Amino acid sequence: MAVESTILSIGVIGTPGCGKTTFCQQSNLPNIDLATYAKEHGCLGEIGDDGAAEMDVENLSKSWANPEQLTLVDGHLAHHLPVDAILVLRCKPKILKKRLELRGYSSSKIRDNYEVELMGGPWIDGLVDD
């Protein structure tokens, strides 16, 4: 059995505010914003009261076509796509809390993301085999 060894897509995941977008933009690699990609493929719902939009990751995954060159996929749900590798970014919870406060997140949303980061949520979620 031959194993594909060429990595063309890397999902960059982590809690909101951990630095995914900054990392991707400063990488000098092509990158795809997952929310924009989802919207373009009809897989992004309306924005709810919490400021987030539900993403249909199952249909999004079906629409995925691996890029022709090494590309970063920026989004905390990128591990649900059939990407070739996953990079999990972490952030010190106190720094994350300050970043989310500056973004104007509600106290409950800040607390939820702070706790997810404390528990290593993105790392654990990235290990789950869909």
Side-chain angles (χ1 to χ4, degrees):
M1 170 194 256
V3 176
E4 180 65 39
S5 63
T6 302
I7 294 178
L8 293 175
S9 57
I10 300 173
V12 180
I13 67 171
T15 54
C18 73
K20 297 179 300 294
T21 300
T22 300
F23 173 82
C24 288
Q25 290 174 346
Q26 293 180 358
S27 70
N28 294 323
L29 291 171
N31 56 80
I32 296 170
D33 174 67
L34 188 57
T36 302
Y37 185 88
K39 187 174 183 177
E40 290 170 354
H41 289 84
C43 298
L44 193 64
E46 297 297 319
I47 296 177
D49 294 338
D50 63 352
E54 193 168 314
M55 192 176 293
D56 182 347
V57 291
E58 185 176 326
N59 281 328
L60 189 62
S61 182
K62 290 176 185 175
S63 74
W64 180 252
N66 230 5
E68 295 182 14
Q69 61 180 332
L70 181 59
T71 301
L72 301 177
V73 184
D74 172 12
H76 72 276
L77 297 176
H79 59 287
H80 290 286
L81 295 177
V83 293
D84 299 317
I86 299 169
L87 174 64
V88 182
L89 296 186
R90 300 291 309 271
C91 182
K92 289 183 179 182
K94 287 183 180 182
I95 293 172
L96 180 72
K97 183 178 178 186
K98 289 182 186 196
R99 289 178 183 174
L100 298 181
E101 287 170 348
L102 289 172
R103 289 184 180 186
Y105 279 32
S106 69
S107 59
S108 64
K109 193 168 181 176
I110 291 170
R111 183 185 63 248
D112 289 348
N113 284 294
Y114 179 87
E115 290 175 357
V116 166
E117 188 63 33
L118 275 173
M119 296 182 296
W123 172 247
I124 300 303
D125 200 28
L127 291 176
V128 175
D129 190 335
D130 291 272

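All values reported here derive from a predicted model rather than from experimental measurement.
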Are the side chain of N31 and the backbone of L72 linked by a donor-acceptor contact shorter than 3.5 Å? no
At what distance, to the nearest 0.5 angstrom, does CZ of R99 lie from CD1 of I110? 13.5 Å
Looking at W64 and P82, what are the two nearest heavy atoms and their distance? CD1-CG, 3.5 Å
If you define the side chain from C-beta out and look only at heavy atoms, does anything of K109 sit under 4.5 Å from P16? no
If two hydrophobic side chains count as joined below 4.5 Å and joins carry through other members, does L29 share a cluster with L8? no
Within the supplied structure, the quantity of interest is the number of heavy atoms (other residues, nucleotides, ligands) at a distance under 6.0 Å from K97 NZ; does it exceed 12? no
same_hphob_cluster(V116, L118) at 4.5 Å side-chain heavy-atom cutoff: no
Donor-acceptor contacts under 3.5 Å from residues 35-42 side chains, at least two apart:
| residue | atom | partner | partner atom | Å |
| --- | --- | --- | --- | --- |
| T36 | OG1 | D33 | OD2 | 2.6 |
| Y37 | OH | S63 | O | 3.2 |
| H41 | ND1 | Y37 | O | 2.8 |

Please confirm whether the backbone N or O of G14 pairs with a side-chain atom of R90, one donor and one acceptor, at under 3.5 Å? no
Just how far is it from atom CG of L96 to atom NZ of K94, taken to the nearest 0.5 Å? 13.0 Å
Shortest non-hydrogen contact between E117 and P93, atoms and distance: CG-CG, 4.3 Å
Side chain K20, main chain H76, donor-acceptor under 3.5 Å: no
Working to the nearest 0.5 angstrom, can you tell me the gap between H79 NE2 and L34 CG? 10.0 Å
Would you check if the side chain of D74 reaches a backbone N or O of C24 as a donor-acceptor pair within less than 3.5 Å? no
Quick check: are there more than 12 heavy atoms from other residues, nucleotides or ligands sitting under 6.0 Å from CD of E54? no
Can you tell me how far CG of N59 sits from CG of L44, rounded to the nearest 0.5 angstrom? 12.5 Å
Side chains of T15 and N113 only: does a donor on one sit below 3.5 Å from an acceptor on the other? no
Mind checking whether R103 and L100 have side chains closer than 4.5 Å, heavy atoms only? yes
Could you measure the distance from the CD1 atom of I7 to the CG atom of L70? Nearest 0.5 Å is fine. 8.0 Å
When you measure from the side chain of T71 to the backbone N and O of S9, does any donor-acceptor pair fall under 3.5 Å? no
Just verifying a value: how many Å separate L77 CG and D56 CG, rounded to the nearest 0.5 Å? 11.0 Å
